[in-house]
Amino acid sequence: MKVRRRNRPEVHQVTDAQPSLSADIRKREISYVIKMSIRVVCLILAVALPAPWPIRALFIAGAVLLPYLAVIGANERAAGLPSPLDDAESNQNEIPRHRREIGS
């Protein structure tokens with residue numbers, strides 16, 4: 001049986017680090033562009049392809065549903081990143097702690 005020491009410091013590894021905010025935004029932008037490109041292809045195929053109605057209905061459904069999925073995916077933040085609402089909830093009239101010398 002292993003005995004765990006209480007005073008042992010927590011060890012962090014580089015692989016535990018969350019992706020940066022800019023990397024997360026870049027990933028979401030690429031995903032959005034890919035989904036919207038697929039939507040454009042679906043729209044063109046629905047209009048230009050001489051296919052039976054069920055196949056055209058699939059292309060139309062893709063052209064209609066993909067923008068919704070693209071926006072939802074683009075607005076979804078990665079787990080562990082701070083919410084943009086965290087800053088909005090703070091009192092805007094309060095002087096930040098690192099700038100207390102202003103006004104004192």
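Here, residue 1 is the first one in the sequence, and each next residue gets the next number. The structure displayed is predicted, hence computed values, not measured ones.
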query: Within the distance-only criterion (no hydrogens, no angle test), does the side chain of S31 pair as donor or acceptor with the backbone N or O of K27 below 3.5 angstrom?
result: no
Using residues 60-71 as the side-chain source, report each donor-acceptor pair under 3.5 Å to any protein atom, sequence neighbours left out, with the distance given to one decimal.
none

- request: Quick one: name the residues clustered hydrophobically with L49, using the 4.5 Å side-chain heavy-atom rule over I, L, V, M, F, W, Y, and just say none if it's on its own.
  value: V41, L45, I55, F59
- prompt: Going through the checks in order, is the side-chain contact (heavy atoms from CB on, under 4.5 Å) test met by V33 and E29?
  reply: CA-CA 6 Å; V33 169; E29 286 174 343; 5.6 Å; no
- line: Interatomic distance, NZ@K35 vs CD1@I30, rounded to 0.5 Å, equals 12.5 Å
task: Kindly give the cluster partners of I44, where membership spreads through any ILVMFWY side chain lying under 4.5 Å from a current member.
output: V40
field: Minimum-distance pair of heavy atoms, taken over all atoms of R28 and E76
entry: CD-O, 3.0 Å
field: Reported CZ-to-CG distance for the pair R56 and L58, which is rounded to 0.5 angstrom
entry: 12.5 Å
